[in-house]
Amino acid sequence: MAICEQDDAARNQRVQEKTTASASERFSNALASIDRQAPSLTYLGLGCWIAWNTIAFSGSFWLHETDNSNITENLMLVHLLACFITLLLVALFADRFSKWVAKNRTTFIGGLVAAVGTFLICNARNDVMGTAVPHFALTVLFNSGCALAGIGTTMLFVRAASLFGALPPHRALYRLAGCTLFSIAIYFVLNGCPQPIAVAAFIALPLMGALLFCIRRKDLRGEKQVLATPVKLTQRFWVLLASIGLCSTALELIRAYVLISVPPTFAIGANVVSQLIEVPLMIAIMAAVLLAKSRRDGFAKMYSVAACALTVLIVCIAMFSLNTPAVASGAWVVCTCYNMVVWAMLYYLVYQWRHGALRIVAFGNAALSGGTLVASLLAMAYQASHISESVMKVIIALIGVAVLIDVLFVFSEKQINGMLLPVDEGGADSADDASGVDAARQPGRWKLACEEVARAAGLSARETEVFLGLARGRTAQEIADREVVSIYTIRAHTRSIYAKLDVHSKKELTALVQKQVDQAG
């Protein structure tokens with residue numbers, strides 16, 4: 001009798017395991033089917049992340065009952081501190097994080113943590129809980145929610161590093177503009193819903209983003225390769241981080257100076273206007289990407305335009321005291337565009353170096369968060385009357401001068417183009433093809449131009465391979481590692497290539513290829 005009971009228990013356990021495995025397999029197959037039919041869908045996970053930040057920092061939907069902006073400033077401070085610390089940990093220990101950051105389980109945990117934090121943010125307030133709960137307890141719950149939301153949303157952001165970093169640069173910019181449009185659509189859809197529904201959807205946004213990220217089932221675009229951490233960050237990259245931190249400080253200082261100590265409805269109204277402005281702007285960017293010839297200087301020009309717009313805003317505020325909704329809306333628009341350009345440049349570097357996605361993207365966004373954090377502290381000091389208005393204007397003016405010097409001399413278009421070396425974007429249009437054809441097999445315009453230049457100069461087969469590596473921005477050591485030869489052999493080939501092409505530097509070499517691209521275009 002006991003033996004029969006044991007057999008029945010074992011049989012039931014096997015049936016249960018088979019049923020569980022079958023359900024898991026069906027779920028995986030469903031995600032794979034969605035990925036095949038709509039390969040662009042997974043990128044919209046970043047759009048959910050953008051929408052969450054827009055709603056959280058503007059106070060939309062969840063902050064109608066309060067009469068000042070203290071809560072949003074406190075949320076931003078604690079949230080950004082959690083983001084900054086998490087991003088630094090990811091960047092410093094990228095070799096360990098890269099092993100599990102792209103796993104669906106990790107993504108769902110990040111989304112769940114962010115959703116729990118969002119729930120606490122929306123409910124840990126006197127106007128929701130009533131006066132029965134001590135103020136100290138509500139403060140602890142609210143700050144805990146801000147920290148959890150910061151950690152969870154950061155894990156979702158770094159999940160996007162491999163997805164976007166494996167895309168050709170202009171395709172990544174196209175996707176970023178699409179994600180921004182998607183976030184705007186979410187914002188206005190929720191704006192038309194009753195407040196309880198809008199708040200519930202706001203809480204669920206991180207989970208929705210996690211679900212979209214988890215649609216990706218196959219490594220079709222070299223995501224595993226770009227997650228590998230061996231990458232040597234150059235001096236120009238650290239200058240880029242300093243520039244990002246400076247501009248981010250200026251942007252947040254403008255926003256906080258205009259919106260501090262005013263009802264949240266003021267900020268919400270300015271945010272609605274900025275969202276309306278961004279719609280045609282994002283459409284224009286997507287159209288420009290489709291019509292572009294994959295020239296890297298487009299990123300340098302966009303960065304300079306965004307930084308110059310920031311300088312104009314600073315001048316308007318510091319000299320004319322334009323604390324108006326129009327200036328606040330302009331600050332939101334410039335902030336969105338600047339962040340998007342920064343992310344596009346970071347993804348460009350990932351695609352260029354083919355490694356270090358977590359380290360590059362985490363350090364870059366840490367610079368954004370760190371700059372915003374510094375500005376938030378200054379704004380809170382100003383709000384608490386520790387800094388007078390005249391002193392605040394002087395600080396804003398000094399930061400404006402620093403941004404102008406940075407754009408013109410420290411990190412100018414020339415420095416950006418020197419860092420963003422030409423890359424082969426072949427197959428960019430088919431990178432999202434559901435058939436999964438390897439885009440790397442399809443020669444791009446840049447590679448064809450390199451081959452034409454090599455044939456015209458009479459380069460040998462080995463010299464042509466080295467020439468392709470140099471034109472793509474690879475160092476002599478990287479080429480030597482790929483070709484499995486000594487670095488001295490590569491240097492000898494490089495001298496021969498320079499002599500045959502009559503060039504004297506890698507910059508002249510890439511300019512020669514770019515000329516061939518323009519002629520063939």
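Scope of the values below: all heavy atoms of this structure, side chains included, with no hydrogens, waters or symmetry mates. None of these values were measured; they are calculated from a predicted model.
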Checklist entry - Could you walk me through whether Met392 and Leu253 pass the side-chain contact (heavy atoms from CB on, under 4.5 Å) check? => result CA-CA 10 Å; Met392 191 68 172; Leu253 202 56; 3.4 Å; yes
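- Counted by atom type alone, Trp52 and Ser183 present zero donor-acceptor pairs between their side chains at under 3.5 Å.
- For the pair Arg354 (side chain) and Tyr351 (backbone), a donor-acceptor distance under 3.5 Å is present.
- Two residues are said to be in side-chain contact when any heavy atoms from C-beta on lie closer than 4.5 Å; Phe157 and Trp343 meet this criterion.
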Next on the checklist: Before you tell me yes or no, could you show the steps for Val158 and Val361 under side-chain contact (heavy atoms from CB on, under 4.5 Å), namely the whole-Å CA-CA distance, both residues' side-chain angles and the distance that decides it to 0.1 Å?
Outcome noted: CA-CA 7 Å; Val158 297; Val361 174; 5.7 Å; no
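- Rounding to the nearest 0.5 Å places CG of Leu46 at 4.5 Å from SG of Cys179.
- The backbone N or O of Val101 lies less than 3.5 Å from no partner atom in the side chain of Thr106, so there is not a single donor-acceptor pair.
- Residues Met340 and Ile285 are in side-chain contact: their nearest non-hydrogen atoms beyond the backbone lie under 4.5 Å apart.
- No side-chain heavy atom of Cys337 sits under 4.5 Å from any side-chain heavy atom of Trp332.
- Shown here for Val273 and Ser329, the closest heavy-atom pair between the two residues is CB-OG, 3.5 Å.
- Contact between Tyr347 and Ala172 at its shortest, heavy atoms only, is CB-CB, 4.4 Å.
- The two residues Gly117 and Leu148 make their nearest non-hydrogen contact at CA-CB, 3.8 Å.
- Side-chain N or O atoms of His79 include none that pairs as donor or acceptor with a backbone N or O of Leu77 at under 3.5 Å.
- Although no hydrogens or angles enter the test, the distance criterion places a donor-acceptor pair under 3.5 Å between the side chain of Ser98 and the main chain of Asp95.
- Put simply, the side chain of Thr42 gets close to the backbone of Leu212: a donor and an acceptor are under 3.5 Å apart.
- Rounding to the nearest 0.5 Å places SG of Cys247 at 5.5 Å from CG of Asp406.
- One finds the CG atom of Leu167 at 9.0 Å from the CG atom of Leu176 (value rounded to the nearest 0.5 Å).
- The distance from the NZ atom of Lys393 to the OH atom of Tyr382 is 8.5 Å, given to the nearest 0.5 Å.
- We find the CZ-CG distance between Phe202 and Leu205 to be 7.5 Å, quoted to the nearest 0.5 Å.
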Item to check | Thr86/Met155 under side-chain contact (heavy atoms from CB on, under 4.5 Å): CA gap, chis, key distance, verdict | outcome: CA-CA 8 Å; Thr86 306; Met155 296 311 300; 4.2 Å; yes
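- Looking at Gln415, its side chain does come within 3.5 Å of a backbone N or O of Ser412 through a donor-acceptor pair.
- The backbone N or O of Met419 lies less than 3.5 Å from a partner atom in the side chain of Gln352, making a donor-acceptor pair.
- Taking 4.5 Å as the limit, some side-chain heavy atom of Leu240 sits within range of a side-chain heavy atom of Met345.
- Thr107 approaches Ala210 most closely through the heavy-atom pair O-CB, 3.6 Å.
- Using a 4.5 Å heavy-atom threshold, the side chains of Ser40 and Arg175 count as touching.
- Looking only at side-chain heavy atoms (C-beta outward), Thr54 and Gln275 come within less than 4.5 Å of each other.
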Checklist entry - Can you list the steps and then say if Tyr338 with Ile244 is a side-chain contact (heavy atoms from CB on, under 4.5 Å)? => result CA-CA 9 Å; Tyr338 181 79; Ile244 291 172; 3.9 Å; yes
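- Contact check for Leu181 versus Met286: side-chain heavy atoms found under the 4.5 Å cut-off.
- Remark: the backbone N or O of Asn271 is paired with a side-chain donor or acceptor of Ser274 at under 3.5 angstrom.
- A donor-acceptor contact shorter than 3.5 Å is absent between the side chain of Thr118 and the backbone of Ile203.
- Taking the six-membered ring wherever Trp is involved, the centroid distance between the rings of His170 and Tyr348 does not fall below 6.0 Å.
- Between Leu358 and the choices Phe97, Phe363, Phe93, the side chain to side chain contact (heavy atoms under 4.5 Å, CB included) rule is met once, by Phe97.
- Residues Asn365 and Asn339 form no side-chain contact, since every pair of their non-hydrogen atoms from C-beta on lies 4.5 Å or further apart.
- Here the straight-line distance linking atom CG of Leu92 with atom CG of Leu88 works out to 6.0 Å at 0.5 Å rounding.
- Side chains of Tyr303 and Ser243: a donor-acceptor N/O pair is present below 3.5 angstrom, by distance only.
- Nearest heavy-atom pair, Leu156 versus Pro206, reported as atom, atom and distance to 0.1 Å: CD1-O, 3.6 Å.
- For Asn191 (side chain) and Tyr187 (main-chain N/O), no donor-acceptor pair under 3.5 Å exists by modelled atom type.
- Nearest heavy atom pair, residue Gly47 against residue Phe182, reads CA-CD2, 4.0 Å.
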